[in-house]
J.: 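This is the structure I want to talk about, given as structure tokens.
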Amino acid sequence: MNNKEEINLYIEERQDTLIWMQDEVELEILEEVVTFILNDIKQKFQTDILTLRDEENQYYEIDQIIEFKRPHTYITIPQRHDVKTLAMNQLRQNRSIYHISNEKVLVEKYKGTRKVESVDYSIAVIKKTNQKYLDTLKGIFDDLLIQPKKRNSVTQETQQTIQLQQNQPESPKFGQQPKENTSPSWISKRALNESIKKCELKQLTLEDVSKHNTSDSAWIVINSKVYDVTHYLNKHPGGKEQLMRGVGTDGTPLFMQHHPWVNAHYLLEHSQVGFLINHK
């Protein structure tokens, strides 16, 4: 008789548990389900990169977690100290249990000990959703000549950052408080460069932004930052017309409606012209 296999993913008070029968589910199917979960987490936390690690603080890719059947995987977001994931195996408040076969997935959702919902997904729908997410992200990055982060967690850039931080204390994401004056020099230099750049940015009102509402001078506000997106109009994956809907205004609601998981500042940092003030 086959035995059940189980993998748990944790971030903050969220826990996603995958359960399947040993040798009855293909590894490709498991990877699609884990990717489906991680994409949902990316959207909720508005990020395009996550890191995965086990109880011993070892970093893994999705396929490694599945191949090695890591029972407990902790998800963190680089540079996001507001997202705290404690390295403990206790049950989280918000749990989803994924019962997986090669054809479908039954998801049982719990709030505490109370079951609140059951949802059936076909594997075909999960694959289609994953591809749609990847295509959307790829479209946003392609015309900016920036490659999207690899969907299976840790990128080379993140690994380099990890190497630089190896001798530093663990971040608050694992429940520890950072010590003062322990930042490596590269962080200090980056902070200085960012500080200099901020001094050059303007303080702008919505009235100032509204004057730049044409294809020759297109400004948009996203999360209280003002960007000149004139050069990006013809590169926008959704088309120039869609981007023009937010030009000259606070485009935050529109942006959050269509791709809330994307880090706009990451894409448009070099196009920022100022900060929005006197905004109610």
J.: Measuring from Tyr133:OH to Leu38:CG, what's the distance to the nearest 0.5 Å?
T.: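 Interatomic distance, Tyr133 OH to Leu38 CG, rounded to 0.5 Å: 9.5 Å.
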J.: Is it the case that the side chains of Asp216 and Thr214 hold a donor-acceptor pair, with the cut-off being a distance below 3.5 Å and no angle test?
T.: no
J.: Where does the angle between the aromatic ring planes of Tyr60 and Phe68 fall among parallel (under 30°), tilted (30 to 60°) and perpendicular (over 60°)?
T.: perpendicular
J.: Please confirm whether the backbone N or O of Glu26 pairs with a side-chain atom of Asn102, one donor and one acceptor, at under 3.5 Å?
T.: yes
J.: What are the two closest non-hydrogen atoms of Glu207 and Ser210, and how far apart are they?
T.: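 Distance-wise, the nearest heavy atoms are O-OG, 2.6 Å.
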J.: Using only atom types and a distance under 3.5 Å, with no angle test, would you say the side chain of Asn234 pairs donor to acceptor with the backbone of Lys240?
T.: no
J.: Between Asn130 (side chain) and Glu32 (backbone), is there a donor-acceptor pair under 3.5 Å?
T.: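 Such a contact is found between Asn130 side chain and Glu32 backbone.
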J.: For residues Ile97 and Ile37: do they belong to one hydrophobic cluster (side chain heavy atoms under 4.5 Å, members Ile, Leu, Val, Met, Phe, Trp, Tyr)?
T.: no
J.: Does any N or O in the side chain of Thr73 come within less than 3.5 Å of the main-chain N or O of Leu9, such that one atom is a donor and the other an acceptor?
T.: no
J.: Run Ser271 and Asp228 through side chain to side chain donor-acceptor pair (under 3.5 Å) and show every step you take.
T.: CA-CA 5 Å; Ser271 300; Asp228 181 352; over 6 Å; no
J.: Is the backbone of Arg92 close enough, under 3.5 Å, to the side chain of Arg14 for a donor and an acceptor to pair up by distance?
T.: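 Side chain of Arg14 to backbone of Arg92: no pair is present.
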J.: Is the shortest heavy-atom distance from the side chain of Leu52 to the side chain of Ile65 under 4.5 Å?
T.: yes
J.: Is Tyr227 reachable from Tyr232 through a run of hydrophobic residues whose side-chain heavy atoms are each under 4.5 Å from the next?
T.: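 Both belong to a single hydrophobic cluster.
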J.: When you measure from the side chain of Thr85 to the backbone of Ile75, do you find a donor-acceptor pair of N or O atoms at a distance under 3.5 Å?
T.: yes
J.: Is any side-chain heavy atom of Val247 closer than 4.5 Å to a side-chain heavy atom of Met244?
T.: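 They are in side-chain contact.
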J.: Do Ile19 and Ile100 make a side-chain contact, defined as non-hydrogen atoms from C-beta onward lying under 4.5 Å apart?
T.: no
J.: What distance do Ile7 atom CD1 and Lys69 atom NZ have between them, rounded to the nearest 0.5 Å?
T.: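 Rounded to the nearest 0.5 Å, the CD1-NZ separation comes out at 7.5 Å.
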J.: Going through the distances and angles, do Asn94 and Glu12 end up as a side chain to side chain donor-acceptor pair (under 3.5 Å)?
T.: CA-CA 9 Å; Asn94 302 306; Glu12 290 202 316; over 6 Å; no
J.: Once rounded to the nearest 0.5 Å, what's the spacing between atom OH of Tyr10 and atom CD1 of Ile41?
T.: 12.5 Å
J.: Please tabulate, for side-chain N and O atoms in residues 116-127, each donor-acceptor pair with protein atoms closer than 3.5 Å (sequence neighbours left out).
T.:
unit_1, atom_1, unit_2, atom_2, d
Ser118, OG, Lys115, NZ, 3.2
Ser122, OG, Val125, N, 3.1

J.: The test is side chain to side chain contact (heavy atoms under 4.5 Å, CB included); show your working for Val273 and Lys202 and say whether it passes.
T.: CA-CA 6 Å; Val273 293; Lys202 300 176 182 178; 5.9 Å; no
J.: Do you reckon Val33 sits in the same ILVMFWY cluster as Val107, going by side-chain contacts under 4.5 Å, direct or chained?
T.: yes
J.: Would a hydrophobic clustering, with Ile, Leu, Val, Met, Phe, Trp and Tyr connected at side-chain separations under 4.5 Å, put Tyr98 with Tyr110?
T.: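 Result: no, two separate clusters.
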J.: With His212, which residues qualify under side-chain contact (heavy atoms from CB on, under 4.5 Å), at least two apart?
T.: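 Residues passing side-chain contact (heavy atoms from CB on, under 4.5 Å) with His212: Ser217, Trp219.
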J.: Between Arg80 and Asp82, what is the shortest heavy-atom contact and its length?
T.: NE-OD1, 2.9 Å
J.: Rounded to the nearest 0.5 Å, what separates atom CG in Asp40 from atom CZ in Phe45?
T.: 10.0 Å
J.: According to a hydrophobic-cluster definition based on side-chain heavy atoms being under 4.5 Å apart (Ile, Leu, Val, Met, Phe, Trp, Tyr only), do Leu206 and Val226 belong together?
T.: yes
J.: Which atom pair, heavy atoms only, marks the closest approach of Ile77 to Ile49?
T.: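 Ile77 and Ile49 have their closest heavy atoms at CG2-O, 4.0 Å.
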J.: Restricting to non-hydrogen atoms, name the atom on Val221 and the atom on Asp250 that form the minimum distance, rounded to 0.1 Å.
T.: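 Closest approach of Val221 to Asp250, heavy atoms only: O-OD1, 3.4 Å.
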J.: State, to 0.1 Å, how close Leu233 and Ala218 come at their nearest heavy-atom pair, and which atoms those are.
T.: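 For Leu233 versus Ala218, the nearest heavy atoms are CD1-CB, 4.0 Å.
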J.: Take Gln58 and Arg53 through the test side chain to side chain contact (heavy atoms under 4.5 Å, CB included) and record every step on the way to the result.
T.: CA-CA 5 Å; Gln58 175 66 47; Arg53 61 178 100 182; 6.0 Å; no
J.: Are the side chains of Lys4 and Met21 in touch, meaning some heavy atoms are under 4.5 Å apart?
T.: yes
J.: Mind checking the CD-CG spacing from Glu13 to Leu91? Nearest 0.5 Å is all I need.
T.: 10.5 Å
J.: I'd like to know if the side chain of Ser96 and the backbone of Lys109 have a donor-acceptor N/O pair within less than 3.5 Å.
T.: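 It does not hold such a pair.
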J.: Please report the shortest heavy-atom distance between Asp208 and Gln203, naming the atom on each side.
T.: OD2-O, 4.4 Å
J.: Rounded to the nearest 0.5 Å, how far does CD of Glu31 lie from CD of Gln64?
T.: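 Separation between the atoms: 11.0 Å.
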J.: Give a yes or no on this: more than 12 heavy atoms of other residues, nucleotides or ligands lie within 6.0 Å of atom CD of Glu6.
T.: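 Correct, the count exceeds 12.
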J.: Output all residues satisfying ring-ring contact (aromatic ring centres under 6.0 Å, His included) with Phe255, sequence neighbours left out; order by chain, then residue number.
T.: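 Partners of Phe255 by the ring-ring contact (aromatic ring centres under 6.0 Å, His included) criterion, ordered by chain and then number, come out as His259.
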